[in-house]
Amino acid sequence: MSPELLTVHDLKKYFPIRRGVLQRTVGHVRAVDGVGFSVRSGETLGVVGESGCGKSTMGRAVLRLVEPSAGRIVFDGKDVLKLTPGEMRRMRREMQIVFQDPYASLNPRYSIGKTLMEPMIVHKLFTREERMKRVYSLLEKVGLDPDYANHFPHEFSGGMRQRVGIARALALNPRLVVLDEPVAALDVSVQSQVLNLLEDLQKEFNLTYIFITHDLSVVRHISNRVMVMYLGNMAELADVEELFAQPRHPYTRALLSAVPIPDPDYKRERIILEGDLPSPANPPEGCRFHTRCPAKRDVCAQEGPGWREITPGHFAACHFPA
Amino acid sequence: MAHAAAGPPKPLSGRLWKSMRKFPMLYLGGGIILLLSVTAIFAPWIAHYPYATQFRHGLTASGTPLPPGGRFVWGTDDLGRDVYSRVIYGSRVSMVVGVFSTLISLVIGTTLGLVSGYFGGFPDMVIMRLTDAVLAFPYFLFAMALVAVLGPSERNVLLAIGVIGWGVMARVVRGQVLAVKEFEYVQAEKAIGASTFRILFSVILPNILGPVIVLAAIAVGTNMVMEAGLSFLGIGVQEPVPSWGNMISAGLQAFQYAPWLFLIPGLALTLAVLGFNLFGDGLRDILDPRNASR
């Protein structure tokens with residue numbers, strides 16, 4: 001088993017809610033509330049959960065694009081949250097991100113070539129000619145014509161832009177890439193092309209991925225392990241086959257039962273969750289999920305379940321795992 | 001690709017004509033600004049005489065100014081100086097004060113607006129309260145007070161107008177930054193390890209420049225009027241250096257028997273301000289995203 005590249009301990013991100021003329025803090029949105037996991041070198045950790053569960057915030061907090069409120073992030077033996085701003089900027093060569101919206105993630109005033117050269121300019125890498133050469137090779141790697149270097153983002157489709165976004169993330173030869181819903185904004189036919197590209201690049205450059213998505217079929221396709229998030233907390237973490245074959249947490253079971261199966265004769269029990277997602281500013285006492293849980297008992301409303309290893313490598317936060 | 005579908009390029013003259021018909025205000029304003037700039041830069045060649053020379057034949061036998069026509073095309077003033085030459089040289093004061101005071105405001109306002117909008121929190125609060133304070137003063141009275149303290153001169157008028165005129169710009173820039181900084185390309189720049197300075201000035205600034213340029217173009221006109229106002233009151237540019245403001249002031253005392261003395265510099269000032277306002281409005285039309293046919 002390969003060594004752990006990234007370890008996250010008890011990561012929290014609270015956004016203050018300010019009110020009134022004095023902008024006093026009247027509460028916090030607990031977007032990420034105590035998440036801990038590790039990622040092994042070369043693997044893909046899928047992160048799933050519904051909208052607003054904090055998965056994107058978690059991904060950005062790991063890269064310090066939003067400053068975590070608490071926790072510890074260890075990347076390759078270094079404590080990321082203790083780095084000075086200068087050290088952090090150098091560290092960013094190792095950890096990159098691909099954004100969800102390819103229409104917002106490229107600077108409209110930069111040509112594609114300039115966008116891809118920017119990371120090398122920022123870190124003062126290579127000479128001008130070498131940078132140009134690298135831009136062309138990056139474009140080729142992501143399946144785009146090198147001639148596109150002189151074009152601007154508005155001339156491209158979403159799928160092509162996302163390829164540029166991926167090329168930008170690779171420009172610095174990172175080891176870890178956070179993929180924040182990289183295919184959610186794309187057409188289905190383009191989605192699979194981009195997913196295959198991501199898999200090829202992972203093999204070629206030995207990349208480690210944190211793949212954030214709400215699409216279970218995508219996560220099943222690309223991940224080695226999967227983490228399920230609910231309301232800023234972790235619900236379940238297991239190897240992908242294990243998780244899909246034997247989900248332990250009732251929330252995971254409900255999620256999986258919602259995946260469409262392309263067989264009209266196949267009958268199965270759908271687990272329909274009732275109620276809405278509670279507000280992360282005022283999460284329920286006890287188990288976060290108890291307000292909507294089909295298997296809830298009295299203890300769930302009083303006590304948080306804690307994070308337990310149910311079978312080796314399979315974790316869940318539930319008093320009564322299935 | 002979008003440009004591939006555009007068909008063969010039309011000849012430049014045809015495209016220019018089409019664009020002029022679509023944005024007449026922009027080109028009219030731009031034309032006036034161009035005319036003013038040429039006048040200001042080449043004033044010594046365009047003017048007929050030096051601006052301070054008092055001509056022996058510049059007054060009538062009874063000592064009143066000469067009306068327009070003849071040797072002095074726009075007449076003379078009550079000291080026998082050539083009005084045409086003085087109006088030409090006066091454009092220098094207007095342009096220099098108008099443009100450079102705006103540049104000062106632009107630098108202060110943009111920097112403060114960028115910092116305020118990007119960092120938010122405490123710096124934002126301090127800067128915005130400061131902006132409120134500056135905007136709360138009557139613009140013109142504030143400039144008067146400053147010039148009174150600094151002493152009347154072209155340089156001090158320029159500084160005074162520039163130093164107090166940044167309030168609106170800081171607010172506009174801040175608002176734009178608040179909108180632009182949420183775009184993921186700004187996050188992406190941070191993610192590749194760019195410094196905050198680079199994010200502010202090389203990523204955010206170019207993307208908010210449109211509205212700022214519109215504002216600046218209109219501010220040049222406003223600042224020209226300010227300069228003329230201060231010079232009119234005698235606390236701006238001092239005689240014998242001609243400014244449209246001090247020419248109007250002097251001419252007003254003689255308006256019953258020599259109305260051209262205030263009418264001509266007054267018209268010049270009106271034309272200049274009109275030029276910058278038309279240009280600013282024209283730019284706004286072009287940059288307006290709702291204007292689909294750009």
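Scope of the values below: all heavy atoms of this structure, side chains included, with no hydrogens, waters or symmetry mates. Chain letters run A, B, ... following the sequence lines, proteins first and then strands; every chain starts at 1.
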Got more than 12 heavy atoms from elsewhere within 6.0 Å of [atom1], [X]?
X	atom1	value
B:Phe201	CZ	yes
B:Phe183	CZ	no
A:Arg24	CZ	no
B:Phe119	CZ	yes

* Among A:Asp101, A:Ile97, A:Val98, which has the most heavy-atom pairs under 4.5 Å with chain B? ->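 Of the options given, most contacts go to A:Asp101.
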* Asked: Are side-chain heavy atoms of A:Thr115 and B:Tyr185 found at a separation under 4.5 Å?
  -> no
* What are the two closest non-hydrogen atoms of B:Asn207 and A:Pro108, and how far apart are they? -> OD1-CG, 3.5 Å
* Asked: Do you know the tightest heavy-atom contact between B:Ala188 and A:Ser105?
  ->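 So the minimum-distance heavy-atom pair works out to CB-O, 4.2 Å.
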* Asked: Is a side-chain donor or acceptor of A:Arg109 paired with a backbone partner of B:Pro206 at a separation under 3.5 angstrom?
  ->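 Flag set: sc A:Arg109 to bb B:Pro206 pair under 3.5 Å.
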* To do: Look at the side chain of A:Glu118 and the backbone N and O of B:Glu189, then say whether any donor-acceptor pair between them is shorter than 3.5 Å.
  =>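 No; judged by distance alone, with no hydrogens or angles, the pair does not exist.
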* Using the side chain to side chain contact (heavy atoms under 4.5 Å, CB included) rule, take A:Asn107 and B:Glu184 through it: C-alpha gap first, then chi angles, then the decisive distance, then the call. => CA-CA 9 Å; A:Asn107 188 338; B:Glu184 282 177 337; over 6 Å; no
* To do: Can you tell which part of A:Leu63 gets under 4.5 Å to a heavy atom of chain B, answering side chain, backbone, both or neither?
  =>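 Neither part.
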* **Segment of A:Tyr103 engaging chain B (4.5 angstrom heavy-atom cut-off)** =>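 Contact with chain B: none, neither part.
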* To do: Applying side chain to side chain contact (heavy atoms under 4.5 Å, CB included), run through B:Val203 and A:Tyr110 and close with a yes or a no.
  => CA-CA 9 Å; B:Val203 179; A:Tyr110 282 179; 3.9 Å; yes
* Spacing of B:Lys190 atom NZ and A:Arg64 atom CZ [to the nearest 0.5 Å] ->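 Atom-to-atom, B:Lys190:NZ and A:Arg64:CZ are 8.5 Å apart.
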* To do: Give me the one residue out of A:Arg93, A:Gln96, A:Arg92 that meets side chain to side chain contact (heavy atoms under 4.5 Å, CB included) with B:Ile192.
  => A:Gln96
* Proximity breakdown for B:Ser195 and chain A, heavy-atom pairs closer than 4.5 Å -> both
